[in-house]
Protein chains: 2
Amino acid sequence: MKYNQVTIKDIARELGISPSTVSRALKDHPDISPETKKAVNELAEKLNYQPNIVALSLRQSKTNTLGVVIPEIVHFFFSTVISGIEDVAYSAGYNIIITQSNESLQREKTDIKALFNSRVDGMLISLSRETNSFEHIDAMMAKGVPMVFFDRVYDSANSSKVIVDDLSGAKEATLHLIEQGCKRIAHLEGPPNLDITKQRLQGFREALTENNLPVHEDLIVSCPQGTIEEGKAAAEKLLKMANPPDAIFATNDPAAMGAMQTIKEAGLKIPQDIAVVGFSNWFFSSLMDPPLTSVDQPGFEMGQEAAKLLIRQIEVKSKEHIDPTPETKLLKTRLIVRDSSLKSGKKK
Amino acid sequence: MKYNQVTIKDIARELGISPSTVSRALKDHPDISPETKKAVNELAEKLNYQPNIVALSLRQSKTNTLGVVIPEIVHFFFSTVISGIEDVAYSAGYNIIITQSNESLQREKTDIKALFNSRVDGMLISLSRETNSFEHIDAMMAKGVPMVFFDRVYDSANSSKVIVDDLSGAKEATLHLIEQGCKRIAHLEGPPNLDITKQRLQGFREALTENNLPVHEDLIVSCPQGTIEEGKAAAEKLLKMANPPDAIFATNDPAAMGAMQTIKEAGLKIPQDIAVVGFSNWFFSSLMDPPLTSVDQPGFEMGQEAAKLLIRQIEVKSKEHIDPTPETKLLKTRLIVRDSSLKSGKKK
DNA sequence: ATGAAAGCGCTAACAC
DNA sequence: GTGTTAGCGCTTTCAT
């Protein structure tokens, strides 16, 4: 924008002093006389002077801007993460530039390059579903661009990341069902290639074995997309069994929702006949009928932690001129108990 | 970022030519020899040269960046709008800087000032709920910053805006119910101070009168927050009436959802006994039970249109050096017919 | 206590 | 066809 921006020069000219003096006065430099400071600040105020951050950025090779690459913005979890990033960035005086890869590797590459060209001070990245090669990431790292990955992380030794502790979350959810007195707990499993799927299944298994309950392999049903439809189909299959489960721990909320629909249509009561627990990408568990007890994924906190980590790395690097050591932050989930799996022991 | 950025100078030095020649070669300037171009481009490629956009921005007083001020990111409607903005901005070669006001006027002021300092080429703004004074906006306009408002707009003669045609949307929704054969249609009304509330009520009334149906004032129930709870309370009130309605047009989806819950709990069938239509901030109408027929608010399109409008204004202004005339874009809604209000005439 | 000058990386008028 | 120069707005030595 050209337009009517007031510059330091304008103030200098008007006051008959030099631009450097104005610059110093504005930042309260010790060896500027109080009178000069006063005059400068008053005129700046009067003219509504606003420093040109672009010039500053060029001068200091620091933009105070974080680049964010996200698979899609319209997604409760990711928009929550953005909000968390924005929260921390704002407090620390950083802007955020948002790009969305739309789950495309090509787009992700372009985005990262564009962010580099904008000379962001660092990047926060959640990888696209397509991403299976990492040269574009490595290239940035080689240039020394600070990066922090979140949720969909780059699993490399020297990358910093923030992830959710899915194993503990799944364990907690299963444990909760066990405490309600459930004995035959089914698990609706997620996409087989994802790490989170394995973690959640593992947590499920551990909770059972640690409580001396058998793991019935036939009660583990795959929902490769984790959709409502798959949840329905899985529940149908489970209900048809000779000895159906008394509880379901679903890989995510849509699957849980589908299962709930099927159970209700079969005339069974939730949670009296079958208790249900989900693993949440949404906050909609509260809206389900009955409300769904769910493992809450801390998106906001993830954004905050990722931004904090990145900003710390940026500042360490700029001050100490050393590459900060990569860090991994594991976020705890929180089980939000609602109606669909009672708090008081329903069976003894 | 300082780090290892390759500059035009590096290429010039290595090739023994001047920086300006490199600059021209890189942008395929006509009077640079093919050989020089080739040499430059190859070396640039080899060194992985990336232009420094900050320097470019300073030089041209143009950042190719749009600032976005939004009340909250974690909201289906707004995140959809952001996605639309990002879509258009990306194609046009613009970055977007996102700020969220968190519905605070103070924060909105800070955000706008920060965006100005970053010298964004223009701003896309949806006002906070608190915003009742407009000096901060007027100040930016006075400086000549191109601005486009969307959804929560600044209702001034010389501001450009993109809004949804709530009146037609409400009319269409009501008309749909009339076509189903409904005679006594209730309306759950929204927050009384908002313009959209009036528009929707007006559309509701017009649809009835144009179809020679009486407007029963007692079937218009206020839901000042438009929440689930209010929807429930409103439905309870309506069901208690001596002559209850045969359809409900709700101000938004939560209210519709609440009403649906109450209706189902009363043992009535939707849509056979009472048809329901919502006005959507969410895409969740498809998940309701039965799925909710809903007036879809085109958030993505709104973001696209707002970004297009802003970019056009920016480019007109920079080329023709005149202030572009303010424009208003009225977006059509789309009635998405699902199960909860049948397509075929249910009553004759 | 203040000013002059250089430079961040890039481009564009003006040489030649 | 290519080099020289100046300047975008700012800060920061280095003078004085």
Side-chain angles (χ1 to χ4, degrees), chain A residues 1-41 43-44 47-65 116-121 143 318, chain B residues 1-41 43-44 47-65 116-121 143 318:
Chain A
M1 289 200 326
K2 209 159 294 161
Y3 318 124
N4 314 325
Q5 12 180 351
V6 181
T7 75
I8 263 186
K9 266 190 185 170
D10 298 324
I11 298 182
R13 194 173 345 96
E14 191 129 340
L15 254 39
I17 58 179
S18 81
S20 37
T21 305
V22 175
S23 169
R24 282 185 275 235
L26 250 17
K27 26 182 38 195
D28 204 22
H29 191 101
D31 49 51
I32 295 294
S33 76
E35 305 82 60
T36 312
K37 277 182 191 165
K38 188 157 169 286
V40 167
N41 282 306
L43 187 57
L47 299 180
N48 194 14
Y49 166 78
Q50 298 293 123
N52 184 330
I53 291 208
V54 178
L56 235 176
S57 299
L58 180 61
R59 181 74 231 271
Q60 340 214 89
S61 305
K62 173 130 179 16
T63 53
N64 275 278
T65 300
F116 176 78
N117 292 356
S118 295
R119 295 302 190 271
V120 295
D121 294 332
K143 285 189 192 261
S318 85
Chain B
M1 287 198 329
K2 209 159 295 160
Y3 317 126
N4 314 325
Q5 13 178 352
V6 182
T7 75
I8 263 185
K9 266 189 184 169
D10 298 324
I11 300 182
R13 193 174 345 97
E14 191 130 340
L15 253 41
I17 57 180
S18 82
S20 42
T21 305
V22 176
S23 170
R24 284 185 272 238
L26 250 16
K27 26 182 39 195
D28 205 24
H29 190 102
D31 49 50
I32 296 294
S33 76
E35 304 83 59
T36 313
K37 277 184 191 166
K38 187 156 172 288
V40 168
N41 282 306
L43 186 55
L47 299 179
N48 193 14
Y49 165 78
Q50 297 294 123
N52 184 331
I53 291 208
V54 177
L56 234 178
S57 299
L58 181 61
R59 182 73 232 272
Q60 341 218 79
S61 305
K62 171 123 173 36
T63 52
N64 274 278
T65 299
F116 176 78
N117 291 356
S118 295
R119 296 301 189 271
V120 295
D121 294 333
K143 284 186 193 264
S318 84

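What's counted below: heavy atoms across the whole structure, side chains too, no hydrogens, waters or symmetry copies. Letters A, B, ... mirror the listed sequences (proteins, then strands); counts begin at 1.
- The shortest heavy-atom contact between A/T63 and A/R119 is OG1-O, 2.8 Å.
- B/Q5 places its CD atom 6 Å from the P atom of C/dG9, with the value rounded to the nearest Å.
- Residue B/D31 is classed as a base contact, given a heavy-atom separation below 4.0 Å to a base.
- Atom-to-atom, CG of A/L15 to C1' of C/dT2 comes out at 13 Å; the value is rounded to the nearest Å.
- In this structure, B/S23 reaches the C/dT11 phosphate: one of its side-chain N or O atoms is under 4.0 Å from OP1 or OP2.
- Counting non-hydrogen atoms under 4.0 angstrom, A/T7 reaches the backbone sugars and phosphates but no base.
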Criterion side chain to side chain donor-acceptor pair (under 3.5 Å) on A/S20 and A/S23, from CA distance to verdict: CA-CA 5 Å; A/S20 37; A/S23 169; over 6 Å; no
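- Between the side chain of A/N117 and the backbone N or O of B/I53, no donor-acceptor pair lies under 3.5 Å.
- B/L58 comes within 4.0 angstrom of a nucleotide base, judged by non-hydrogen atoms across all strands.
- Ranking C/dG9, D/dG3, D/dG9 by closeness to the B/I17 side chain, first place goes to D/dG3.
- Close to C/dC8, at under 4.0 Å from its OP1 or OP2, lies no side-chain N or O of A/K62.
- Side-chain contact between A/N52 and A/L56 is absent, with no heavy atoms from C-beta onward closer than 4.5 Å.
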Could you go through B/I11 and B/K9, starting from their C-alpha distance and side-chain angles, then the distance that decides it, and tell me whether this counts as side-chain contact (heavy atoms from CB on, under 4.5 Å)? CA-CA 5 Å; B/I11 300 182; B/K9 266 189 184 169; over 6 Å; no
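- Listed here is the closest heavy atom pair of B/L26 and B/A44: CD1-CB, 4.2 Å.
- Each end of the helix from C/dA1-D/dT16 to C/dC16-D/dG1 yields a helix axis from five base pairs, and these two axes differ in direction by 50° (to the nearest 10 degrees).
- With rounding to whole Å, B/Q60 atom CD is found 15 Å from C/dA13 atom C1'.
- Protein atom NE2 of B/H29 is 10 Å distant from nucleotide atom C1' of D/dT2, rounded to whole Å.
- Distances shown here put every side-chain N or O of A/T21 at or beyond 4.0 Å from the OP1 or OP2 atom of C/dT2.
- Nearest nucleotide to the B/R24 side chain, out of D/dG3, C/dT2, C/dA12: D/dG3.
- Nucleic acid contact for B/S57: none, since no nucleic acid atom lies under 4.0 Å from a heavy atom of the residue.
- With hydrogens and angles left out, the side-chain atoms of A/S33 and A/T36 include a donor and acceptor closer than 3.5 Å.
- Whole-Å rounding puts the B/I11 CD1 to D/dT2 C1' distance at 16 Å.
- In this structure the side chain of B/Y49 never reaches within 4.5 angstrom of the side chain of B/L43, judged on heavy atoms.
- Residue B/K9 places at least one side-chain N or O closer than 4.0 Å to OP1 or OP2 of C/dC8.
- Comparing A/L26 and B/E35 against DNA chain D, the residue whose closest nucleotide sits nearer the 5' end is B/E35.
- Atom P of nucleotide C/dT11 and atom CG of B/N64 are separated by 13 Å, given to the nearest angstrom.
- With C/dA12, C/dC10, D/dC10 as the choices, the nucleotide that has an atom nearest any side-chain atom of A/I8 turns out to be D/dC10.
- For C/dA4, its base sits under 3.5 Å from the side chain of A/S20 at one donor and acceptor pair at least.
- Each of B/S33 and B/R59 was assigned the nucleotide of DNA chain D with the nearest heavy atom; the assignment lying further toward the 5' end belongs to B/S33.
- In this structure, A/Y49 does not reach the D/dG9 phosphate: none of its side-chain N or O atoms is under 4.0 Å from OP1 or OP2.
- Rounded to whole Å, atom P of C/dC10 lies 11 Å from atom CD of B/Q50.
- Separating the CG atom of A/N52 from the P atom of C/dG9 is a distance of 17 Å, rounded to the nearest angstrom.
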